Enquirer: 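Before we start, here is the structure in question, set down as structure tokens.
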Amino acid sequence: MKATETNLLQFLKGPKQFVIPIYQRTYSWTKKQCAQLWEDIERAAKDENLSGHFMGSVVYVEKGLYHVTSVPKLLVIDGQQRLTTLSLILSAFSQLIEEEEKEATLITAKKTRNYYILNQDEEEEEHYKLLLTQKDRNTYIDLLEKRELDQEYSNRIVENHNFFKETMKRSELSLDEIYTGISKLIMVDISLDRDKDNPQLIFESLNSTGLDLSQADLIRNYFLMGLEEKDQQRLYKDYWYKLEKRFGHLEDTRYFDRFIRDYLTLKTGSIPKIGFVYEEFKSYVQQNPHKSIDEVIQDVFKYGNYYINLTLGENDQLLEEGFKDIRTLKVDVSYPFLLKVYDDYVKKVIDKEEFLEILTIISSYVFRRAVCGIPTNSLNNTFASFIKEVDESNYINSLKASLLVKTSYRRFPPNEEFKRELVIKDVYNFRNRNTLLRKLENFDRKEPISVENYTIEHIMPQNKNISLEWQKELGSDWKQTHEVYLHTLGNLTLTGYNSELSDRSFKEKSKLKGGFKDSPLWLNQSVAIKEKWDESAIKERANILAERALKIWPSPDLNEEELLKFKTQNSPDNEIGFNLNYHRNSFSPETFETYEELRMIILNLDSGITEEFKKYYIAYKIEGRNFVDIEPLKAHLKIWLNVKANSLHDPYHLTKDVSNLGHRGNGDLELKISPNVSLEHVMYLIKQSYEHNIEYA
């Protein structure tokens, strides 16, 4: 590697061509960055004592990749944004001289172009000192040649060229002063020898802050930078460009970054942080040396297309309906698992009917949890765990079992809980209220209506000062009824006549044109049959709608025998000959019964929990960390929690600090469980230890 400080204009002089590789991102400087560079040029022009202004480096491969020609071709590794911007400035500058907007004596338009923009004695593409990539190339050349632009021209190239031209035109500086400012620009010329230097490592070190390049840019460069030009061209055109096009040419690369994170979650089983996707991706590739770059990029291409179908739209109408439900519920955390399911569908491991059933199960799981107000912060780990838990020989049942055995905040709310919470929930202020009403209205309807054409109507009016007629309608407890049931499911419907219905009495709302009796909507059928609207009517209608909701968002149906089979499969005896039978004689019948009950509750905390049988105790781990160890004894169970002393909330004073005492299990807290101790109180402590250890796993 050779690094030399040089004057920008001197650097550009002489026959040479800077080639932007096909894998590099397109030109992306904004007006804000251009304005900053212009201010630097102005400052350099005005300050006679300033000998130069440093503007960064340009890194390129000097030899080894291109055959020697009359024009040395330099493959730009870093600095293409600055190089392109400066070329636009020089082009705009030469055009102003030609148009005689301002007088210039230090240099002519022809010299500006021939010295710094063109290789004057060359033809075709070699005529241009800078050869951009993709559509930037044609747009830039059309600007230089003053040709009509293509319909799909590069906006940034044109906008910034016009910005500099107009800014120079309005500037108080003369063209000579502007040229003086440009001539003071200093840069570092860094040339690499492809046979000796590693362009990828140098590129990474120059972009280590992650501010200039997105994760998508870094990954693309990682794929293609080290390849010969023909391989770059082939892989870029056959796979990467097609993927970029479907991702909207990566104008918002956060979307692509999320895809790669989900792809890595699927491939590695762990969820990378969004800002470290590139590092995790590179690590994944390095840990799979048996896979060629071709194989990896083809795999990314395959899953990228699945991801776009899942998130932006699928041609298959039935699948799209299922995907749309997932998108509406904003269940992004399900995508790593759904990428696996999609691939299994394509490979015919499952058929379309099974795929649709899986989508329904996921929608039901997420929607029921939302209705029941269960926190979502564990969902990403839950869905990642499904990737390992699904048995491809019994796909649907294994997924159902995995959901049904979960308890606490990972549980699948059963029918009773879902229905109970749904009828009392403040649905009007529920984030998914439109989804709820749309699905209720269109269930089993072959010609679905568009809920967006209707507004939500409170049958019992929202107005706090309801009329005497409504007070009489609701009965003696009208104030409490209004307060408790106003925004609940039983009192909400859809109408196209919201302003006409307003705060009218129930009889008027029912009978007038467009009222409940005149409505074609299913949601209004249960209102239209009522002659009176009070607490009883609201509760009765809520029950009707909730029963319909149970069919729309069903609970997994799996008999106890099948469920028990999966529970057994997921909790095998293990570790060098130690198993449950080994410990069986250490229990009494009473402590064994307590252990079995406690064991099942612990395992249901999280599908990622593993059980290991040690010589003296039974360990329960999450992400490889013990969070509770149980020693079987005749009189009681001895338990150790892997936390520091005094770090848990222990309202019943069950724990003992054993940090300075010899003990077998992990952690500083010990407790003893006799058969008469409340397991609820014990689990309160175990859950705290679990949460502590999963946080540091």
Side-chain angles (χ1 to χ4, degrees), residues 242-249 252 255-256 258-259 262-263 266 300-371 383 386-387 390 392 395-397 399-400 403 431-454 494 496 520-523 545 548-557:
K242 291 177 181 177
L243 202 57
E244 279 190 353
K245 194 173 181 181
R246 291 206 70 195
F247 271 100
H249 289 290
D252 184 353
Y255 185 50
F256 182 84
R258 287 196 295 270
F259 155 61
D262 291 342
Y263 174 82
L266 169 63
V300 170
F301 176 74
K302 177 180 74 171
Y303 282 100
N305 280 294
Y306 295 161
Y307 189 84
I308 291 164
N309 292 345
L310 284 167
T311 57
L312 295 181
E314 162 71 52
N315 291 330
D316 186 293
Q317 188 174 351
L318 288 175
L319 289 179
E320 173 59 14
E321 284 300 312
F323 297 162
K324 194 183 298 180
D325 286 342
I326 300 292
R327 293 197 291 269
T328 301
L329 292 172
K330 301 188 185 306
V331 202
D332 295 5
V333 292
S334 69
Y335 290 147
F337 173 61
L338 286 178
L339 286 174
K340 169 186 167 49
V341 178
Y342 203 133
D343 190 47
D344 288 337
Y345 166 66
V346 171
K347 293 190 297 191
K348 301 189 185 305
V349 176
I350 57 173
D351 58 27
K352 186 185 294 186
E353 187 176 335
E354 290 172 312
F355 198 174
L356 293 171
E357 187 175 358
I358 290 168
L359 294 174
T360 298
I361 291 170
I362 291 173
S363 294
S364 295
Y365 179 53
V366 173
F367 187 78
R368 285 189 177 216
R369 289 169 55 88
V371 167
F383 277 107
F386 291 155
I387 297 168
V390 166
E392 292 187 4
Y395 219 103
I396 302 295
N397 284 349
L399 175 60
K400 289 178 179 178
L403 283 165
R431 182 170 68 89
N432 292 309
R433 74 176 186 194
N434 286 354
T435 298
L436 172 60
L437 295 175
R438 174 175 59 84
K439 299 285 279 188
L440 285 171
E441 176 60 37
N442 289 318
F443 179 65
D444 268 355
R445 186 196 288 268
K446 290 186 177 180
E447 297 178 334
I449 64 110
S450 178
V451 172
E452 288 70 26
N453 296 331
Y454 297 84
L494 295 172
L521 300 182
W522 178 88
L523 281 169
L545 301 187
R548 192 176 179 93
L550 291 175
K551 298 175 184 175
I552 298 169
W553 294 282
S555 176
D557 54 326

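Not measured: the values here are computed from a predicted model.
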Enquirer: List the steps, then state whether side-chain contact (heavy atoms from CB on, under 4.5 Å) holds for F259 with I308.
Expert: CA-CA 9 Å; F259 155 61; I308 291 164; over 6 Å; no
Enquirer: Nearest 0.5 Å please: distance from the CZ atom of F247 over to the CG atom of N305.
Expert: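 Going from CZ on F247 over to CG on N305, the span is 8.0 Å.
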Enquirer: So how far is it from L339 CG to N309 CG, rounded to the nearest 0.5 Å?
Expert: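 Spacing of CG (L339) from CG (N309) equals 10.5 Å.
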Enquirer: Nearest 0.5 Å, what's the CZ-CD1 distance between F367 and I552?
Expert: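 Separation between the atoms: 8.5 Å.
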Enquirer: Got I326 and Y335 here, is their nearest side-chain heavy-atom distance under 4.5 Å?
Expert: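 Yes - at least one pair of side-chain heavy atoms lies under 4.5 Å apart.
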Enquirer: Between atom CD of E354 and atom CG of L399, what is the distance when rounded to the nearest 0.5 Å?
Expert: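 Here the rounded value is 11.5 Å.
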Enquirer: Do the non-hydrogen side-chain atoms of W553 and V371 ever get within less than 4.5 Å of each other?
Expert: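 No, every pair of side-chain atoms sits at 4.5 Å or beyond.
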Enquirer: Just wondering, do S334 and V366 contact through their side chains at under 4.5 Å, heavy atoms?
Expert: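 A side-chain contact under 4.5 Å is absent here.
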Enquirer: How many angstroms lie between CG in D332 and CZ in F383, if you round to the nearest 0.5 Å?
Expert: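 Interatomic distance, D332 CG to F383 CZ, rounded to 0.5 Å: 11.0 Å.
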Enquirer: Are F256 and Y263, when compared by the centres of their aromatic rings, separated by less than 6.0 Å?
Expert: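 No, they do not, as the ring centres are separated by 6.0 Å or more.
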Enquirer: Under a 4.5 Å cut-off applied to non-hydrogen side-chain atoms, are L338 and F323 in contact?
Expert: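 Result no, sub-4.5 Å side-chain heavy-atom pair not found.
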Enquirer: Would L550 and R368 count as a side-chain contact (heavy atoms from CB on, under 4.5 Å) here? Give the steps.
Expert: CA-CA 10 Å; L550 291 175; R368 285 189 177 216; 3.7 Å; yes
Enquirer: Mind listing the side-chain donor-acceptor pairs of residues 310-317 below 3.5 Å, one per line with the distance, residues two or more places apart or on another chain?
Expert:
residue : atom : partner : partner atom : Å
T311    : OG1  : Y255    : OH           : 2.1
T311    : OG1  : Y307    : O            : 2.7
E314    : OE1  : Y342    : OH           : 2.4
E314    : OE2  : D316    : N            : 3.2
D316    : OD1  : L318    : N            : 3.1
D316    : OD1  : L319    : N            : 3.1
D316    : OD2  : K352    : NZ           : 2.5

Enquirer: Between side-chain atoms of residues 432-439 and protein atoms elsewhere (two or more places apart, or another chain), which donor-acceptor pairs fall under 3.5 Å?
Expert:
residue : atom : partner : partner atom : Å
R433    : NH1  : Y428    : O            : 2.7
K439    : NZ   : D325    : OD1          : 3.4
K439    : NZ   : D325    : OD2          : 2.8

Enquirer: In sequence, state the C-alpha distance, the side-chain angles, and the governing distance for Y306 and V346, and then conclude on side-chain contact (heavy atoms from CB on, under 4.5 Å).
Expert: CA-CA 10 Å; Y306 295 161; V346 171; 3.6 Å; yes
Enquirer: Whether K340 and D344 form a salt bridge (side-chain N of Lys/Arg under 4.0 Å from carboxylate O of Asp/Glu) is what I want to check.
Expert: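 Salt bridge: yes.
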Enquirer: Once rounded to the nearest 0.5 Å, what's the spacing between atom CZ of F386 and atom CD1 of I361?
Expert: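 One gets 9.5 Å once the value is rounded to the nearest 0.5 Å.
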Enquirer: Assess whether a salt bridge exists between R548 and E441, defined as any Lys/Arg side-chain N lying under 4.0 Å from an Asp/Glu carboxylate O.
Expert: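 No, no charged N to carboxylate O under 4.0 Å.
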Enquirer: Indicate yes or no: at least one non-hydrogen side-chain atom of E357 is less than 4.5 angstrom from one of I350.
Expert: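 No - every pair of side-chain heavy atoms lies 4.5 Å or more apart.
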Enquirer: Quick check: do L545 and W522 have side-chain heavy atoms less than 4.5 Å from each other?
Expert: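 The answer is yes; the side chains approach within 4.5 Å.
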